[in-house]
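Contents: one structure, followed by commentary.
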Amino acid sequence: MAVRRDSRWDLSVDNRDGQLALVVEVKRKTNASSEWAAQLRRNILAHGTFPKAPYVLMVFPDNFYLWTDAEACLEQSEPTYMIDARPILEPYFERAGVTAEQISGQSLELIVASWLGEIIHAEKLPENVDSSQHWLIESGLYAAIAGGKFEHEAAV
(Lines give C-alpha, C1' and ligand atoms only; values in the text may rest on other atoms or scores of the structure.)
Protein backbone atom coordinates (compact mmCIF):
# COMPACT_ATOMS: atom_id res chain seq x y z
CA MET A 1 0.00 0.00 0.00
CA ALA A 2 1.41 3.38 -0.98
CA VAL A 3 1.25 6.33 1.37
CA ARG A 4 0.42 9.81 0.12
CA ARG A 5 2.22 12.33 2.32
CA ASP A 6 0.96 15.49 0.57
CA SER A 7 -2.64 14.87 1.59
CA ARG A 8 -4.48 15.30 4.83
CA TRP A 9 -7.50 13.33 3.72
CA ASP A 10 -7.87 9.96 5.42
CA LEU A 11 -7.95 8.09 2.11
CA SER A 12 -7.60 8.96 -1.54
CA VAL A 13 -7.78 7.17 -4.86
CA ASP A 14 -6.00 8.06 -8.08
CA ASN A 15 -7.59 7.07 -11.39
CA ARG A 16 -5.90 4.83 -13.96
CA ASP A 17 -3.99 7.85 -15.28
CA GLY A 18 -2.56 8.74 -11.88
CA GLN A 19 -4.84 11.76 -11.36
CA LEU A 20 -6.50 12.26 -7.98
CA ALA A 21 -10.13 11.13 -8.41
CA LEU A 22 -11.52 10.60 -4.91
CA VAL A 23 -10.77 11.92 -1.45
CA VAL A 24 -12.34 10.38 1.63
CA GLU A 25 -12.79 11.63 5.18
CA VAL A 26 -13.76 8.94 7.71
CA LYS A 27 -15.47 9.79 11.00
CA ARG A 28 -16.91 7.39 13.57
CA LYS A 29 -19.75 9.79 14.47
CA THR A 30 -23.20 8.25 13.94
CA ASN A 31 -26.37 10.12 12.99
CA ALA A 32 -24.38 12.86 11.26
CA SER A 33 -26.80 14.93 9.20
CA SER A 34 -26.09 15.95 5.62
CA GLU A 35 -25.86 19.55 6.88
CA TRP A 36 -23.21 18.56 9.44
CA ALA A 37 -21.25 16.67 6.77
CA ALA A 38 -21.52 19.63 4.38
CA GLN A 39 -20.17 21.97 7.07
CA LEU A 40 -17.28 19.59 7.79
CA ARG A 41 -16.43 19.42 4.09
CA ARG A 42 -16.58 23.21 3.76
CA ASN A 43 -14.35 23.66 6.81
CA ILE A 44 -11.77 21.23 5.45
CA LEU A 45 -11.73 22.82 2.01
CA ALA A 46 -11.64 26.37 3.44
CA HIS A 47 -8.16 25.76 4.85
CA GLY A 48 -6.83 25.17 1.34
CA THR A 49 -4.22 22.66 2.50
CA PHE A 50 -6.12 19.57 1.35
CA PRO A 51 -5.88 18.46 -2.29
CA LYS A 52 -9.12 18.83 -4.21
CA ALA A 53 -10.62 16.00 -6.24
CA PRO A 54 -13.67 15.52 -8.49
CA TYR A 55 -15.26 13.27 -5.84
CA VAL A 56 -15.40 13.88 -2.08
CA LEU A 57 -16.80 11.13 0.15
CA MET A 58 -17.60 11.70 3.83
CA VAL A 59 -17.91 8.32 5.56
CA PHE A 60 -19.75 7.67 8.80
CA PRO A 61 -20.68 4.22 10.17
CA ASP A 62 -24.32 4.73 9.17
CA ASN A 63 -24.16 7.17 6.23
CA PHE A 64 -22.01 8.11 3.27
CA TYR A 65 -22.21 11.58 1.74
CA LEU A 66 -20.78 12.01 -1.76
CA TRP A 67 -20.13 15.22 -3.66
CA THR A 68 -19.54 14.91 -7.39
CA ASP A 69 -17.71 17.52 -9.46
CA ALA A 70 -16.46 18.66 -6.07
CA GLU A 71 -13.63 20.77 -7.52
CA ALA A 72 -16.16 23.14 -9.05
CA CYS A 73 -18.01 23.75 -5.80
CA LEU A 74 -15.88 24.65 -2.80
CA GLU A 75 -18.52 26.50 -0.79
CA GLN A 76 -20.86 24.69 1.58
CA SER A 77 -23.31 22.64 -0.44
CA GLU A 78 -25.55 19.66 0.10
CA PRO A 79 -24.06 16.34 -0.97
CA THR A 80 -24.97 15.04 -4.42
CA TYR A 81 -25.69 11.58 -2.93
CA MET A 82 -26.79 10.54 0.56
CA ILE A 83 -26.23 6.80 1.00
CA ASP A 84 -27.30 4.41 3.74
CA ALA A 85 -23.93 2.89 4.66
CA ARG A 86 -25.34 0.07 6.76
CA PRO A 87 -25.86 -2.49 3.94
CA ILE A 88 -22.35 -1.74 2.66
CA LEU A 89 -20.49 -1.76 5.98
CA GLU A 90 -22.50 -4.27 8.01
CA PRO A 91 -20.78 -7.38 6.52
CA TYR A 92 -17.41 -5.87 7.49
CA PHE A 93 -18.64 -5.06 11.02
CA GLU A 94 -19.93 -8.63 11.39
CA ARG A 95 -16.60 -10.11 10.30
CA ALA A 96 -14.79 -7.81 12.75
CA GLY A 97 -17.24 -8.69 15.54
CA VAL A 98 -18.19 -5.05 16.22
CA THR A 99 -21.18 -2.79 15.76
CA ALA A 100 -21.28 0.65 14.14
CA GLU A 101 -21.38 2.18 17.61
CA GLN A 102 -18.37 0.16 18.86
CA ILE A 103 -16.04 0.64 15.89
CA SER A 104 -12.89 2.69 16.45
CA GLY A 105 -11.93 5.40 14.00
CA GLN A 106 -8.87 3.48 12.80
CA SER A 107 -10.87 0.27 12.33
CA LEU A 108 -13.55 2.11 10.37
CA GLU A 109 -10.87 3.62 8.15
CA LEU A 110 -9.43 0.14 7.49
CA ILE A 111 -12.89 -1.19 6.64
CA VAL A 112 -13.51 1.67 4.21
CA ALA A 113 -10.08 1.04 2.69
CA SER A 114 -11.00 -2.64 2.20
CA TRP A 115 -14.32 -1.70 0.59
CA LEU A 116 -12.63 0.80 -1.75
CA GLY A 117 -9.95 -1.75 -2.59
CA GLU A 118 -12.62 -4.22 -3.65
CA ILE A 119 -14.10 -1.61 -5.99
CA ILE A 120 -10.75 -0.55 -7.42
CA HIS A 121 -9.68 -4.12 -8.11
CA ALA A 122 -13.08 -5.59 -9.00
CA GLU A 123 -13.14 -7.78 -12.05
CA LYS A 124 -16.91 -7.88 -12.29
CA LEU A 125 -18.87 -5.57 -14.54
CA PRO A 126 -20.68 -2.61 -12.98
CA GLU A 127 -24.06 -4.24 -13.72
CA ASN A 128 -23.18 -6.90 -11.13
CA VAL A 129 -22.70 -4.40 -8.31
CA ASP A 130 -25.01 -4.96 -5.33
CA SER A 131 -28.18 -2.82 -5.40
CA SER A 132 -27.05 -0.94 -2.28
CA GLN A 133 -24.13 0.38 -4.33
CA HIS A 134 -25.84 1.45 -7.59
CA TRP A 135 -24.98 5.04 -6.68
CA LEU A 136 -21.36 4.17 -7.46
CA ILE A 137 -22.25 3.65 -11.11
CA GLU A 138 -24.87 6.40 -11.36
CA SER A 139 -22.47 9.01 -9.93
CA GLY A 140 -19.60 7.96 -12.20
CA LEU A 141 -17.43 7.14 -9.18
CA TYR A 142 -17.05 3.47 -10.14
CA ALA A 143 -15.70 4.41 -13.58
CA ALA A 144 -13.45 7.06 -12.04
CA ILE A 145 -11.70 4.73 -9.58
CA ALA A 146 -11.92 1.24 -11.13
CA GLY A 147 -8.40 0.13 -11.96
CA GLY A 148 -6.97 3.07 -10.06
CA LYS A 149 -4.53 3.21 -7.18
CA PHE A 150 -5.52 3.42 -3.54
CA GLU A 151 -3.67 5.77 -1.21
CA HIS A 152 -3.75 5.80 2.60
CA GLU A 153 -2.74 8.79 4.69
CA ALA A 154 0.10 8.08 7.08
CA ALA A 155 -0.59 8.79 10.72
CA VAL A 156 1.43 11.80 11.83
Side-chain angles (χ1 to χ4, degrees), residues 1-34 36-74 76-93 96 100 103-122 129-130 132-156:
M1 170 183 343
V3 176
R4 175 180 293 236
R5 297 197 183 276
D6 63 344
S7 170
R8 292 193 178 165
W9 294 101
D10 292 326
L11 306 166
S12 62
V13 179
D14 293 342
N15 65 19
R16 283 182 205 88
D17 300 324
Q19 300 298 313
L20 184 61
L22 169 68
V23 291
V24 183
E25 189 67 16
V26 179
K27 300 290 182 198
R28 65 178 297 272
K29 176 181 176 59
T30 55
N31 300 312
S33 68
S34 61
W36 191 91
Q39 181 67 37
L40 175 62
R41 176 185 162 271
R42 192 206 65 75
N43 289 346
I44 290 170
L45 294 175
H47 293 297
T49 57
F50 285 62
K52 295 170 186 65
Y55 293 93
V56 174
L57 183 64
M58 293 284 175
V59 172
F60 302 93
D62 52 355
N63 290 298
F64 290 172
Y65 298 106
L66 177 70
W67 285 262
T68 60
D69 196 19
E71 286 182 291
C73 185
L74 299 181
Q76 184 168 336
S77 62
E78 286 294 309
T80 312
Y81 292 87
M82 293 176 266
I83 302 106
D84 180 0
R86 292 171 294 195
I88 298 166
L89 298 178
E90 194 60 39
Y92 295 95
F93 293 156
I103 192 94
S104 71
Q106 272 190 317
S107 294
L108 180 58
E109 194 172 310
L110 289 172
I111 286 172
V112 173
S114 294
W115 170 72
L116 282 172
E118 289 177 18
I119 295 167
I120 292 166
H121 302 296
V129 172
D130 181 81
S132 69
Q133 299 187 55
H134 278 210
W135 59 275
L136 285 165
I137 296 155
E138 184 180 302
S139 68
L141 181 57
Y142 182 92
I145 66 173
K149 181 180 174 187
F150 172 74
E151 301 284 351
H152 180 82
E153 175 59 26
V156 180

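Here the side chains of Met58 and Ile44 are in contact, with some heavy-atom distance below 4.5 Å. Using a 4.5 Å heavy-atom threshold, the side chains of Ser139 and Thr80 count as separate. Within the 4.5 Å cutoff, the side chain of Val23 has heavy atoms near those of the Val56 side chain. Taking the side chain as every heavy atom from C-beta outward, Val13 and Ile119 never approach each other to under 4.5 Å. Considering only heavy atoms from C-beta on, Val24 comes within 4.5 Å of Leu57 through its side chain.
Side chain of Ser107 to backbone of Ile103: no donor-acceptor contact under 3.5 angstrom is found. The backbone N or O of Glu78 lies less than 3.5 Å from a partner atom in the side chain of Trp67, making a donor-acceptor pair. Not a single donor-acceptor pair under 3.5 Å links the side chain of Arg42 to the backbone N or O of Ser77.
Using bins of under 30°, 30° to 60° and over 60° for the plane-to-plane angle, the ring pair Trp115/Phe64 lands in the tilted bin. Taking the six-membered ring for Trp and thresholds of 30 and 60 degrees, Tyr65 and Phe60 have ring planes more than 60 degrees apart, a perpendicular arrangement.
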Candidate pair Arg86 and Phe93, rule side chain to side chain contact (heavy atoms under 4.5 Å, CB included), full reasoning: CA-CA 9 Å; Arg86 292 171 294 195; Phe93 293 156; over 6 Å; no

Side chain to side chain contact (heavy atoms under 4.5 Å, CB included) evaluation trace for Asn63 with Met82: CA-CA 7 Å; Asn63 290 298; Met82 293 176 266; over 6 Å; no

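Note that CG of Asp84 and CD of Glu90 are 10.0 Å apart. Values are rounded to the nearest 0.5 Å. The distance from the CH2 atom of Trp135 to the OG1 atom of Thr68 is 11.5 Å, given to the nearest 0.5 Å.
Among all heavy-atom pairs drawn from Ile120 and Gly148, the shortest one is CG2-O, 3.2 Å. For the residue pair Pro61 and Ala100, the shortest heavy atom distance occurs at CB-CB, 3.7 Å.
Residues that satisfy the side-chain hydrogen bond (donor to acceptor under 3.5 Å, both in side chains) test with Asp62, not counting sequence neighbours, are absent from this structure.
With a 6.0 Å cutoff to the six-membered ring centre and a 45° limit on the axis angle, Lys27 does not count as a cation-pi contact of Trp36.
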